[in-house]
2 protein chains.
Amino acid sequence: MVPVFSQSASVPVRLTDAMRSVFVELLVHGPLSRAEVARRLALSPSALTKVTKPLIEAGYLLEAAGESPATVGRPSQPLRVDASRMAFVGIKLTEDELFAVRTDLRATIQKEVARPLAGHEIDDVRGQIADVVGELTVPGRPLSAVGISLAGTATPSDPVVHTAPFLGWSQLPLAEMVEEAVSVPTVLDNDVRALTAAQQWFGEGVGHSSFALVTVGAGIGCGVVVGDRLVSGRSGATGLVGHLQIDDRGPLCERGHRGCARAYASSPAIRRSIAAALDQPDLTFDDCLAMAAGGHPVARRVFDDAGAALGQVVATVANITGPELVVLSGETVHMYNVCAEAFQAALIRHTHWTTTPVRVVVKPFAFNEWARGAAVAALQHLLLHR
Amino acid sequence: MVPVFSQSASVPVRLTDAMRSVFVELLVHGPLSRAEVARRLALSPSALTKVTKPLIEAGYLLEAAGESPATVGRPSQPLRVDASRMAFVGIKLTEDELFAVRTDLRATIQKEVARPLAGHEIDDVRGQIADVVGELTVPGRPLSAVGISLAGTATPSDPVVHTAPFLGWSQLPLAEMVEEAVSVPTVLDNDVRALTAAQQWFGEGVGHSSFALVTVGAGIGCGVVVGDRLVSGRSGATGLVGHLQIDDRGPLCERGHRGCARAYASSPAIRRSIAAALDQPDLTFDDCLAMAAGGHPVARRVFDDAGAALGQVVATVANITGPELVVLSGETVHMYNVCAEAFQAALIRHTHWTTTPVRVVVKPFAFNEWARGAAVAALQHLLLHR
DNA sequence: CCCGATTAGTGCACCCGGTCAACGAACCGA
DNA sequence: TCGGTTCGTTGACCGGGTGCACTAATCGGG
């Protein structure tokens, strides 16, 4: 447990469980007074002075300039973590690109890099990762951890990529290899789960002990948090909703399923459907979206179907896991605007009749959100499991 | 924490967290030596003597007559819990019947009672529950807890039934009322989750940190355990797979869904389908099952469709939650025998292609299993959350 | 303007649940 | 019989957390 906070600290700090949980509470729930943290974590007030003192002395916590909330009694002295105290690099690998960001402790992006992937050969990829990490590192400030996320089966608890179909990898000890190359603790994770982690600590999931994240983009993904814990099934296989059957007469997906979720709602499928129906093979997804927004009947229908498929996916996930909230995100969430009614109708229709539909929050998506997720996955792993 | 172990103990025991976890470990994982328990719970050997001594003295643990496992070194001294040290009553309420059992600590049924429910009027039900509890109680031996389960939204953390459609109840503080009537701590729970709890501690779930239970009977139900914790969504709404859409052309359910799981696989739906097709309204479910076993084409087809629907339900649950195992149970699981192939085919077909199908275990079901589940729910609540 | 009321934070003695280290116990095989 | 090995116990000790008494800082009211 020592390594987490000793590196680059003038005063090395020996971490106790209470210190860790206080730190995480302050990191996630923003500035809070000692008294408030004590109440939340069921600790005594005296424990809190004892715990926070070394963290403040070592520079991890700051006494935030407290604006008085105008109440009786002695005003509280809010504490916050010094987000700049640590730095992380998050990397998202896709079939043909590498996105990387450097973030601080609060997952604020400080620098970003995107570049094409030279190939899928592991040595090349390792080299590119090492280059990017070097590029993102500020000389005097060592990184605390590196996170790598990809579409495939991988978990932070395990340094090997089990399968990554789009990269053609299986049983690849990527974390070890990168760790060796860059000399920084490195953590792997599934891309959707990493994104869920980011939402859990720094996004819409804050304050919810259970929620689900559903992503739309090149595919449909899903991450689940239950009892404040990010679920990862056997070898990281959770939230595989991409091929959920919507009906049995719909469009075909690349695996030969008729009417599965990704055949309806993934961006390539939407584009293909409209392009094919109109015999305009060069239409882009954005063209399609514009057409739907403009009321074009074909585009409208395809997007309505996509929205309905998404609504059914969300309802199904909610029926099974019972989250307080579902966050909708992904590269093409903005399409929600043109299919909101279809989505809501399907959500209501497929929600089990004994409950009310889940609350759904649409979370706008920036292209570097995936890489940011990887950084948060690394951060969480460092703070919780070390 | 004191109340759990002090009642009726000649020597009152003050429980620590370690004592609780050691006790549960021994309860669930059978006789184990101190050394083994210490390893499993990451405690020191000395902690174990310290923890077990008072529990042995108070009669909660016994030194089991150790059959030597023939190994080098000093033979270990297995410990086991004295299952007779506590007694529980579990009650399952259905629309028109009340099933109740008395169990020991290991959920072994010692006495059972079943009787028709006089009505849904709360005072009558409360009275009947109190009668049954009295009937099941052995004079000298007070009960440790009473568990009540029903189809509807209820959680052990909360003494009120939120909704119980088949009983026509909503927002009913049943636990308080019963507790007052019988003077024993009383816990409510959803029936499927209670059954899942029983599987988790004393059934197929033992040894698995994540698994799902899918039940077939009058309806289709599902309970989920993730990270050793039984999932209960907002107000206990989880595992609502009954109306999962299987296709969009199938039979109608009572809520007007075409082709949902319960329209295919619930026992009333199966019976109705076959009775209607053959125009023999008096056929029973067992008649139908016998016909299918005998190769009758209509019955065969209906049961195959039911099996396929179940397979799809299991695959969907597994895709989303990623359990190590799925346990198949419920009043009519025995129908699995006549539709195993259809089930397996659907399971494979709907399992996400990046993973292998979950392991499925078919668990035979006795009619008092529901009530036993309620007893386990009470036991778990007493041991973990008190 | 002072004085209780109220809430926040600190210092210090203490407690108690665990570990550590040393040892005794009970088996094996040579 | 004796070393090897694992199990279990004992007693000293350690350290994280609590309890309590105290100080700090603000408010509203007489």
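A quick note: this is a predicted structure, and the numbers were derived from the prediction, not measured. In what follows, every chain begins at residue 1, and chains take the letters A, B, ... in the order their sequences are listed.
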Length of the line joining [X]:[atom1] and [N]:[atom2], which is rounded to integer Å:
{"X": "R34(B)", "N": "dA26(C)", "atom1": "CZ", "atom2": "C1'", "result": "14 Å"}
{"X": "M19(A)", "N": "dG17(D)", "atom1": "CE", "atom2": "C1'", "result": "13 Å"}
{"X": "L79(B)", "N": "dC7(D)", "atom1": "CG", "atom2": "C1'", "result": "12 Å"}
{"X": "L15(A)", "N": "dG15(D)", "atom1": "CG", "atom2": "C1'", "result": "15 Å"}
{"X": "E36(B)", "N": "dG8(D)", "atom1": "CD", "atom2": "C1'", "result": "15 Å"}
{"X": "D17(A)", "N": "dT18(D)", "atom1": "CG", "atom2": "P", "result": "13 Å"}
{"X": "L55(B)", "N": "dG17(C)", "atom1": "CG", "atom2": "C1'", "result": "14 Å"}
{"X": "L41(A)", "N": "dG17(D)", "atom1": "CG", "atom2": "P", "result": "11 Å"}

Establish whether the base of [N] is bridged to the side chain of [X] by a donor-acceptor pair shorter than 3.5 Å.
{"X": "K50(A)", "N": "dG17(D)", "result": "yes"}
{"X": "T16(A)", "N": "dG17(D)", "result": "no"}
{"X": "S46(B)", "N": "dC20(C)", "result": "yes"}

Side-chain N,O (R39(A)) to OP1/OP2 (dA8(C)) below 4.0 Å: yes
Below 4.0 Å: OP1/OP2 of dT10(D) and any side-chain N or O of K53(B): yes
Main-chain N/O of G205(B) paired with Q200(B) side-chain donor or acceptor, under 3.5 Å: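 Here the side-chain-to-backbone pair does not exist.
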Shortest side-chain distance from [X], nucleotide among [options]:
{"X": "A18(A)", "options": "dG17(D), dA8(C), dT6(C)", "value": "dG17(D)"}
{"X": "R74(A)", "options": "dT18(D), dT7(C), dT6(D)", "value": "dT7(C)"}
{"X": "P75(A)", "options": "dA25(D), dG11(C), dG9(C)", "value": "dA25(D)"}

Touch class at under 4.0 angstrom, heavy-atom based, for A47(A) against every strand present: base
Sugar-phosphate, base or nothing in reach of L43(B), heavy atoms under 4.0 Å: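 Answer is sugar-phosphate: L43(B) comes under 4.0 Å of backbone atoms only.
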Side-chain H-bond candidate by donor/acceptor type, Q110(B) with T103(B), under 3.5 Å: no
Whichever of P45(A) and G73(A) has its nearest DNA chain D nucleotide further upstream toward 5': P45(A)
Atom of P31(A), atom of P78(A) and distance for their closest heavy-atom approach: CB-CB, 4.1 Å
Heavy-atom pair with the smallest gap, counting every atom of F23(B) and L61(B):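 Looking at all heavy atoms of both residues, the shortest contact is CD1-CD2, 3.9 Å.
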Validation row: L79(A), E63(A) side chains within 4.5 angstrom (heavy atoms): yes
